[in-house]
Asks: 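Quick one: structure below, then a few questions.
Side chains included, hydrogens not; waters and symmetry mates left out as well; all remaining heavy atoms used. Keep in mind that what you see is a predicted model, and the values were worked out from it rather than measured. Sequence lines set the chain letters: A, B, ... in the order given, protein chains first and strands last, and positions in each chain run from 1.
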Amino acid sequence: MPELPEVETIKLGLQKYLVGRKIDKVEVRLSKIVQGDIKNIEGAKIIGIRRFGKGLVIDLDNKNSIAAHIKLTGQFIYRGPETKKIKLSPKVGGGLPNSRTHVIFKLKSQNAKAEEESGTYLYYNDLRQFGWIKIIETSKLNDVSFFRDMGPEPFKDLTLEIFNKIISSSNTSVKPLIMDQKKIGGIGNIYANDALYDAGIDPERKAKSLSEREIKKLYESILKILKFSLKIGGASELNFVNALGEEGKYQNHSLVYGRAGQKCKRCGGIIKKIFLGGRGTYSCSACQK
DNA sequence: TGATATGTTATCTT
DNA sequence: CAAGATAACATATC
């Protein structure tokens, strides 16, 4: 669900609508979601949005940041004058705020008059309440183990050379390895399955056993699949919606993920499902060696 | 009704 | 210590 392309999709949306606005007030409806003091962000201006793997960071002009992880079912949805007419996906769970809304950021900008009438808000929704929001000094982001321990990411510092080193030095099966956030940041179950299929590699292969050629192919497949998903707005398999409350389309294009028992798109064989590292793992045994 | 799904962390076992 | 399994978190959906 929310993996690198989904979180990047949210980031791009938030960048467009939040940067330059001030946080007027914060209402926390479910206290376990938020750590830190909201007083440290009220009145501050949003100056940028960053993504680290599947994590999001909203930077403010007072040396504080809002760090967040949406886990499986979190949603950051902006509602303002420009987006009032956009229809929310049913995955949002009705009009905002609703019973899944746990944090409400009331926003303000220069032309406050027009906006005050219609209201400008950032909502954090989370059906299963696994996500977290931490209010923290920007310089202390690395005190959070999630950020500190994050491995190199595709599109950032994960070069083929580094990828090669990670793969060839591990005893684990290749699929759990590329999903390990401490080894590589941002890849989850959907894209791990599909990238391995695209590369023609059996998810159960020991990472160490991959040839240099296979490692290169896998590297290229990961980038290709992530890029493609980002282009179509991510995967809305579970509850994912973008910053406007709209769904992505990748779930209609998945190569093997969630397709157990269906035909392989390449050879027509049947997609099988096993468990690897406790996660559903889909593959075509004819196409993946 | 009950099994299942996803991401992360913690804990236990090998 | 590495790596594997398993449970926990909360809830909708099949």
Side-chain angles (χ1 to χ4, degrees), chain A residues 1-10 29-35 51-57 67-76 89-94 98-103 124-134 141 143-151 153 165-195 203-209 226 229 234-241 247-248 250-251 254 256-262 271-282:
Chain A
M1 324 288 91
E3 305 179 28
L4 191 153
E6 288 77 25
V7 181
E8 180 71 13
T9 299
I10 294 172
R29 298 186 164 194
L30 185 64
S31 62
K32 71 168 178 180
I33 300 283
V34 180
Q35 293 146 42
R51 179 189 57 74
F52 297 96
K54 305 172 194 173
L56 269 176
V57 176
H69 197 301
I70 65 173
K71 293 286 180 78
L72 304 174
T73 57
Q75 305 171 329
F76 273 108
S89 154
K91 293 181 191 294
V92 174
N98 60 43
S99 61
R100 302 167 182 183
T101 306
H102 306 313
V103 186
Y124 179 71
N125 276 20
D126 196 337
L127 177 64
R128 283 166 64 179
Q129 309 167 15
F130 289 174
W132 47 254
I133 294 173
K134 295 178 204 286
L141 276 173
D143 291 0
V144 179
S145 61
F146 175 81
F147 294 107
R148 185 184 57 230
D149 301 336
M150 169 91 47
E153 289 185 44
K165 208 166 280 173
I166 293 168
I167 299 294
S168 57
S169 63
S170 173
N171 294 313
T172 325
S173 304
V174 62
K175 178 170 174 269
L177 175 66
I178 61 174
M179 288 174 65
D180 184 343
Q181 304 301 299
K182 293 178 172 62
K183 299 284 169 53
I184 298 170
I187 302 172
N189 206 22
I190 297 178
Y191 303 113
N193 275 295
D194 279 6
E204 292 187 87
R205 283 275 297 282
K206 293 287 171 217
K208 248 185 189 165
S209 78
L226 293 178
S229 179
S236 288
E237 205 67 39
L238 261 186
N239 264 250
F240 168 73
V241 294
E247 294 177 27
Y250 188 85
Q251 66 278 14
S254 67
V256 286
Y257 177 79
R259 297 188 69 246
Q262 298 178 36
I271 303 295
K272 69 168 180 178
K273 181 186 180 186
I274 60 165
F275 279 91
L276 250 191
R279 295 292 161 208
T281 299
Y282 305 85

Asks: For A:N193 and A:Y282, indicate whether the former's side chain and the latter's backbone hold a donor-acceptor pair under 3.5 Å.
Replies: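 A pair under 3.5 Å: yes.
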Asks: Would you say the base of B:dT8 stacks on A:F146 (centre-to-centre below 5.5 Å, plane angle below 30°)?
Replies: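 No, A:F146 does not stack on the base of B:dT8, since the centre distance and plane angle fail the 5.5 Å and 30° test.
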Asks: Looking only at side-chain N and O atoms, does A:K71 come under 4.0 Å of OP1 or OP2 in B:dT6?
Replies: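 No, because none of the side-chain N or O atoms of A:K71 sits under 4.0 Å from OP1 or OP2 of B:dT6.
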Asks: Side-chain N or O of A:N171 less than 4.0 angstrom from OP1 or OP2 on C:dA3?
Replies: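 A:N171 to C:dA3 OP1/OP2: side-chain N or O found under 4.0 Å.
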Asks: Please pick, from C:dA10, B:dT8, B:dG7, the nucleotide with the shortest atom-to-atom distance to any side-chain atom of A:K32.
Replies: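 Side chain of A:K32 sits closest to C:dA10.
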Asks: Give A:K91 one of three labels, base, sugar-phosphate or nothing, depending on what nucleic acid heavy atoms sit under 4.0 Å from its own.
Replies: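 No contact at all - A:K91 keeps every heavy atom at 4.0 Å or more from the nucleic acid.
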Asks: Please determine whether a side-chain nitrogen or oxygen atom of A:Q181 lies at a distance below 4.0 Å from atom OP1 or OP2 of B:dG7.
Replies: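 Indeed not, no polar side-chain atom of A:Q181 lies that close.
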Asks: Expressed in angstrom and rounded to an integer, what is the separation of A:K182 atom NZ from B:dT9 atom C1'?
Replies: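 In whole Å, B:dT9 C1' lies 7 Å from A:K182 NZ.
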Asks: Determine the contact category for A:G188: base if any of its heavy atoms lies under 4.0 Å from a base atom, sugar-phosphate if only primed atoms, P, OP1 or OP2 are that close, otherwise nothing.
Replies: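 Sugar-phosphate: the residue A:G188, judged by heavy atoms under 4.0 Å, touches backbone atoms but no base.
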Asks: Please verify the inter-ring angle class for A:F147 with A:W132; under 30° counts as parallel, over 60° as perpendicular, anything in between as tilted.
Replies: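 A:F147 and A:W132: perpendicular rings.
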Asks: For the side chain of A:S145, counting heavy atoms from C-beta on, which of B:dG7, C:dA3, B:dT9 is nearest?
Replies: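 Selected nucleotide: B:dT9.
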Asks: To the nearest Å, how far apart are A:Y191 OH and B:dT6 P?
Replies: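 My rounded result for the distance is 13 Å.
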Asks: Considering Watson-Crick and G-U wobble pairs with both distances under 3.5 Å, what does B:dC12 pair with?
Replies: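 Paired with B:dC12, as far as the under-3.5 Å criterion goes, is C:dG4.
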Asks: Which of these passes side-chain contact (heavy atoms from CB on, under 4.5 Å) with A:E8: A:R51, A:E3, A:K54?
Replies: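 The single option meeting the side-chain contact (heavy atoms from CB on, under 4.5 Å) with A:E8 is A:R51.
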Asks: Nearest whole angstrom, please: distance from the C1' of C:dA12 to the CG of A:D126.
Replies: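 Between C1' of C:dA12 and CG of A:D126: 13 Å.
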Asks: The side chain of A:K54 is closest to which nucleotide in this list: B:dT9, B:dT6, B:dT8?
Replies: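 Minimum distance to the A:K54 side chain belongs to B:dT8.
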Asks: Quick one: which of C:dA3, C:dA10, B:dT6 gets closest to the side chain of A:T172?
Replies: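 So the nucleotide nearest the side chain must be C:dA3.
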Asks: Base, sugar-phosphate, or nothing: which does A:G280 touch, judged by heavy atoms less than 4.0 Å apart?
Replies: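 Sugar-phosphate only.
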Asks: Applying the Watson-Crick and G-U wobble criteria at under 3.5 Å, what pairs with C:dA10? Answer none if nothing qualifies.
Replies: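 With both distances under 3.5 Å required, C:dA10 matches none.
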Asks: Between the base of B:dT8 and the side chain of A:R279, is there any donor-acceptor pair under 3.5 Å?
Replies: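 When only heavy-atom distances are counted, A:R279 does reach the base of B:dT8 through a donor-acceptor pair under 3.5 Å.
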Asks: Taking only side-chain nitrogens and oxygens of A:H69, does any of them come within less than 4.0 Å of OP1 or OP2 of B:dG7?
Replies: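 No, no such contact exists.
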